Amino acid sequence: MKLRQLELGNVRRFAGQTARLGPFGDGLTTITAENEAGKSTFFDALHALFFVPYGSSSQEIKGLQPYSGGAVRIAAVVDIDGKIYQIEKSFLLQKSARVIALESGQVIKQQGDAEAWIEDNINGTGKGPAGLLWVRQGAAHIDPEGKDKDASNIAARRDLMSSVRGQIDAVTGGRRMDRIVERCRAELDALATKTLKAKAGSAWKALEDKIAELLEQKERLQTDVRLLSQALAVKRQAKSRLYILRDPSTHEAREAQLTLAAQALEMAQQHERTVTDAERALRLIVAEKDRLIQQSKEISERQARRSTLLKQAEQQARQVSDLRAAQGVSQGALQKAQEAIAQKEAARRSLVQALSAARKTEKSFTEWQRLRAVFDIRQSLVEPQQNLRAAQESLECTKVTQSDLDHLVDLGRRISVAHEQRRVQFARFSVQPSLPVLVECAGAPLEPGEERLIDRALTLDLPGFGAIKLAPAPGAGQSIEDPSDLVAQQRDAMQLLSVQTVQEARVEFYARQSAEHSQAVAIAEIRGLVPDGIAALEAEWRALCEALGHGTKDSPPVLESPGSGQLAAREIEEKIARVDDELEHARSDAQALQSTAMRCANDFAEASGVLSHLEKEVASSQKPQNEDAVFAALQASCDETNRKEARALQALEQLRRGAPDLEGARASHERLLSAQQADSDEINRLERELARVNGAIETQSEAAVEEKLAEVIEQLAKARDRAKRYELQAQALSLLIAHLAQARTEAQETYFEPIRRELRPLLAQLHTGVEFELDPEKMLVSKIVRNGVEDDVAVLSGGAYEQIAILTRLAFAKLFAKQGRQVPLILDDALVHTDDERISTMFNMLSQAAKDQQIIVLSCRTKAFSDLGGTRAFIEIEPR
Amino acid sequence: MRFLHTADLHLAKPFGRFDEDTRAALRVARLDALGKIGETARAHGAGLILVAGDTFDAEAPPSKIVRRALDIIGSFDDLTWVLLPGNHDSLAAVDLWERIERDKPNNLLLAMTPEVMELNAHVAILPAPPSVRDPGVDLTDWMGAATSGAHIRIGLAHGGIMDFGSEEGTVAVIRPDRAEVSELDYLALGDWHGQKSITARTWYAGAPEADSFKAHAPASALLVEINARGAGAQVTPVPIGRFTWCALALEFFAGIDPVQQLVDALPPAKRDKTLVRIEASGRLGLLEQSRLRVACSRLADDFHSFEINLDKLGIEQAADDLDLIAAGGALRAAADSLFEASDLQGRTPEEAQIAQIALTHLFHLAQEEPPR
């Protein structure tokens, strides 16, 4: 689609007038006019014509109406695929819409059909983005369907690619996709957690809670049903058992058996009592017999005891005699051993005295030896001490040190240098008067032929001639020391050292050096002889003299070693050690002998005591006189009792052989009694059990536990089915969201890649090597990267900002043009911040792009845009 | 003589999968069926009613239900009722039968032991009460040796017929020719909830009030007429049940109007007394599925209970349907990828089902969020 002409009737400043704008060429068309000329009004009206239904009374339409009111009429001549149409709309009053084919002049669509035709051919997606691409000053980044939907933003909004946006939305899903995704997310968020588990507060979670509750109920009811079944089983068994227990025939048979068993038991118990009596009589006979045997046994035992005591007393007497003899022998040996010990102790005391004397002698010899040695050292010290004193005296007389000498020599050298330098640096003069006159220099007479240096300002008085003033060259001699100062310093230094010349000082220095050497040698010798010092040696000398009673001034005698006939202390010590060993052995032997003697004495005392006791027992156990007669009588009584016992045993055996089975009778009777009691107990127990289970059964049946369990199981199954459906629903929502996101990402990539390819060379003309990111939501460049630095477009300058916005549209337009879809690009005062250099580049790009598509540029910058070229369109106004 | 043969009332059955109102209605219907049996017997001049087991659903039903049942039976004091224990209310339910024995009206006889019950000079009942829920032996064995003189011999038993099976999978042990080999004039059986004739003299009465979606004949009782010993039995079903349980398996095909198919398959009458369960299969386009869901939602209120399972209903790919989501662009791409993911090839059935739910939901949202 290409625009050819616009016509407005009664729109804003054209109240009551008809204004035309055109013609618009195939390529570039420029409209330059001053502000308020009505350029923008044409394009606001064009937007209304294409995008607002004729019946609308929206703010956008009312904004087109002039203050005087009346119908707003807008018409555009468009070229679609080579056919020319006029689209007309009248708003607010006389509302209408028409499409006229200009070739035939026929109205081909009216009203609603005309709107549909516009939608299909201008805005619709059937033929691609046939709408308009707008760029208007300051509105390049506003989201067309975002936050600014109110009427105040209509102008800004329509600056964007509303129809293109429609197509992009068609590809990426757009707001519809957003709404669907948002609904899916909201539904998923209300239903499930991020891990697709039931979310608190959701119907799913409530169902999960219900399932948990049903499971608890089921478990409880299963327990109740199990208890009910058990109770029913118990009841069945109890009733069955009670039926058997209460059978009358069984009861009668048991009673008869019990009577017979009781009779048999009574007979057996009577016989048992007879046997017991016979056993008691037998036990009395046996007891009597045992008593008689015991008495006989006691008499025999007393006799045997007497015999034994006599033998033991004799044996003990012999043992006492032997022990007495052994005690005497051990006492003798002990006495001898004690005597030997006394002898050795005396010998040891003699040896100790000898040792003390020997040690004293040895100590005295050692001290005399030391005294002699100290004396020798003292003698050796005499010479070094004399040398030391002489050196010290010499040092006291000589004061010149190495540094003193060096100082003097240095001053001499500096004096020589100063004189030499003065001779070199200062001019010299002498006077040879032809007359005998006294020539004075600086007030002092100057001898004829005497050379003087001009080292300062001098006045030379020449009698009869006058005065001659002499002066050294400026700066000459500034670095030269004053020789007279140096000589004075040298003189003072020598005076301090008490010498007259440097040579004299040098001789003194050498003498001092020799004295220092002698002093060092003497000190070294003394230290070699007495490392601890002379004072220590003298103290030791005096101490030794005092200890040995020797005079400190005397020479000590020469000593000989102690005589060979005298035992040394060490030998005496060895002897004492041997005597100590012998003493220890002797004392040990004596101790052993003493122990033996004591043991012999104890054994003897013990044996004597035992003997005394035995003798007393023998004395007390004398045989009674009638002992033999008593023993014989007891033997006769025993024989009689044995005969009685045999008879009683025989009678008892006969009774036992004829006895009935008492235990059998008793067991049979007890068994029958027990069975009868058990039946009775069981009946009681079963009746109690029945009462109990009846209560339990009634409780459970009234609670309808079986019915409730079945009901809960069925509810649980149904709830689980529903929970499973929720789970599937959550997974399905998650899957749906993922597929939608994936599809959108892929669609955006597919759609924007060609745009990037178109935009890259355009941007490169303005910024070499620039890279950029497209915001798929806003369809604009969001970031650019220049020289590796990334910038958000929002922070760019106004010029760069508008250039990028225009180039982005231009890229869209170029892409559509390549696809054979002509989309007019309208730039409404879109280049206001761009500098002259860049605006030229932009013009070039627009001119180049205009070869393939229609570009309409509106601007108030008449001069700047006069270079843009292309078709010039003008506004024509018909008079009222 | 003429009598009514019924069984398997299952009083106090819970019906837990249904909502509270339906459960209550179904429970009440079972008690009402007992009264209807009495009225039907009276109307057809039958003085005897034989209940062949499972009068109660549980071994210990609530005493209130037992009381109501006995009251209803007692209210027909001109009729003689014979109750046989079944597998649900076997002799093991001692407490139940003790209560019934204690509280029963005079016109109620309990067939509690396998011995001949001479009701009068002409009729003898030979009962085979189950001792436990699944006795595992043929309790009708004794009937062959039992003598009953010239009485009309009517066997009364509960359980499965050998080679035929039982209602609940318990061991089926009753000989199919029991009536013939034991010279019974009629063998009144309970256990199968659908009415069945095993031989000319051996019948399952079926439940008088339906209780499941199993494909049984309409719930009814059997009116039996035997004129003389060995004269054969005239058996006539008489309707009793109030509710109809309708299980439908509908296979849908794209291109065939699913709503019409559904409407055609549903019973036209007594919908308020009908419970419907539909298992849908086949494939439908998204729009057709949406229409089917809307139709189900609308029709559900006509019925006492209405369930439809669409899990096995696949999605038929139709460009028009996907166009209704979006003709192109990302939404369409998402729809296409979800459609691919709903194919079973290379996926688990659950994965495919999740994708199908997602696609259906996308369709639904797309309809609610049309392009602007």
Side-chain angles (χ1 to χ4, degrees), chain A residues 125 168-177 179-180 183-184 187 225 228-229 231-233 235-236 239 693-694 697-698 700-718 725 728-729 731-748 751, chain B residues 11-19 23 27 56-66 88 91-96 98-99 131-132 309 311 325-338 340-341 350-351 353-362 365-366 368-372:
Chain A
T125 56
I168 293 171
D169 283 357
V171 173
T172 62
R175 296 290 163 188
R176 186 173 176 229
M177 170 75 102
R179 287 191 293 274
I180 288 173
R183 283 186 62 177
C184 289
E187 287 175 18
V225 168
L228 175 61
S229 297
L232 288 170
K235 184 168 183 176
R236 280 197 302 276
K239 287 191 74 171
V693 296
N694 278 337
I697 291 166
E698 189 176 347
Q700 302 293 8
S701 65
E702 286 311 311
V705 290
E706 290 171 297
E707 182 188 3
K708 283 180 181 170
L709 176 60
E711 188 172 315
V712 164
I713 288 170
E714 290 183 351
Q715 285 179 348
L716 195 55
K718 190 171 182 181
R725 290 208 65 82
L728 291 174
Q729 190 182 341
Q731 290 173 343
L733 281 168
S734 175
L735 183 73
L736 178 53
I737 290 166
H739 276 253
L740 288 170
Q742 176 70 18
R744 165 172 275 187
T745 302
E746 288 174 0
Q748 285 172 344
Y751 195 88
Chain B
L11 296 172
K13 188 165 182 169
F15 301 104
R17 285 187 69 89
F18 295 98
D19 59 69
R23 290 208 296 272
R27 281 199 291 261
F56 298 96
D57 191 60
E59 290 187 336
S63 59
K64 191 190 290 183
I65 297 287
V66 179
H88 279 255
L91 288 172
V94 285
D95 190 71
L96 170 65
E98 196 176 81
R99 274 189 281 161
S131 52
V132 291
N309 181 7
D311 289 352
I325 294 173
L331 271 177
R332 177 56 177 265
D336 286 340
S337 64
L338 282 171
E340 280 179 25
E350 187 167 301
E351 286 170 345
Q353 189 185 359
I354 289 166
Q356 188 168 324
I357 294 170
L359 180 57
T360 308
H361 195 59
L362 176 60
L365 291 175
E368 292 188 356
E369 296 285 353
R372 294 178 185 177

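Computation of the quantities below employed the complete heavy-atom set of this structure, encompassing side-chain atoms and omitting hydrogens, waters and symmetry-equivalent molecules. No experiment lies behind these values; they were computed from the predicted model shown. In the text below, chain A, chain B and the rest are named by the order of the sequence lines, each starting its count at 1.
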Would you mind checking which part of [X] comes under 4.5 Å of any heavy atom in chain B, side chain (CB onward), backbone (N, CA, C, O), both or neither?
X: Lys239(A); value: side chain
X: Gln742(A); value: neither
X: Leu232(A); value: both
X: Glu187(A); value: side chain
X: Arg183(A); value: side chain

Please classify the contact between [X] and chain A as side chain, backbone, both or neither, with a heavy-atom cut-off of under 4.5 Å.
X: Ile325(B); value: backbone
X: Ala366(B); value: both
X: Asp311(B); value: side chain

Closest-packed option against chain A by number of heavy-atom pairs under 4.5 Å, given [options]:
options: Asp57(B), Ile357(B), Val94(B); value: Val94(B)
options: Gln353(B), Glu350(B), Gln356(B); value: Glu350(B)
options: Ile65(B), Val66(B), Asp95(B); value: Asp95(B)
options: Ala341(B), Ala334(B), Ala335(B); value: Ala334(B)

What is the minimum heavy-atom distance between [X] and [Y], and which atoms define it?
X: Asn694(A); Y: Glu98(B); value: OD1-OE1, 4.0 Å
X: Ala743(A); Y: Ala333(B); value: CB-CB, 3.9 Å
X: Pro61(B); Y: Glu706(A); value: N-OE1, 4.3 Å
X: Leu365(B); Y: Cys184(A); value: CD1-SG, 3.4 Å
X: Leu91(B); Y: Arg236(A); value: O-CD, 4.3 Å

- [ ] Check whether any side-chain N or O of Arg744(A) sits under 3.5 Å from a backbone N or O of Ala330(B) as a donor-acceptor pair, and report yes or no.
- [x] no
In a table with atom names and distances, give each donor-acceptor pair under 3.5 Å that connects a side chain of residues 710-718 of chain A to protein atoms at least two apart or in another chain.
unit_1: Glu711(A); atom_1: OE2; unit_2: Arg23(B); atom_2: NE; d: 3.4
unit_1: Glu711(A); atom_1: OE2; unit_2: Arg23(B); atom_2: NH2; d: 3.4
unit_1: Glu714(A); atom_1: OE1; unit_2: Gly16(B); atom_2: N; d: 2.3
unit_1: Glu714(A); atom_1: OE1; unit_2: Arg17(B); atom_2: N; d: 3.3
unit_1: Lys718(A); atom_1: NZ; unit_2: Arg17(B); atom_2: O; d: 2.5

Task: Non-neighbouring partners of His739(A) that pass ring-ring contact (aromatic ring centres under 6.0 Å, His included), sequence neighbours left out - done: none
Task: Side chains of Leu228(A) and Glu59(B) in contact at under 4.5 Å (non-hydrogen atoms) - done: no
Open item on the list: For a 4.5 angstrom cut-off between non-hydrogen side-chain atoms, does Leu362(B) reach Leu740(A)?
Closed with: yes
Task: Reported OG-to-CG distance for the pair Ser337(B) and Leu735(A), which is rounded to 0.5 angstrom - done: 8.0 Å
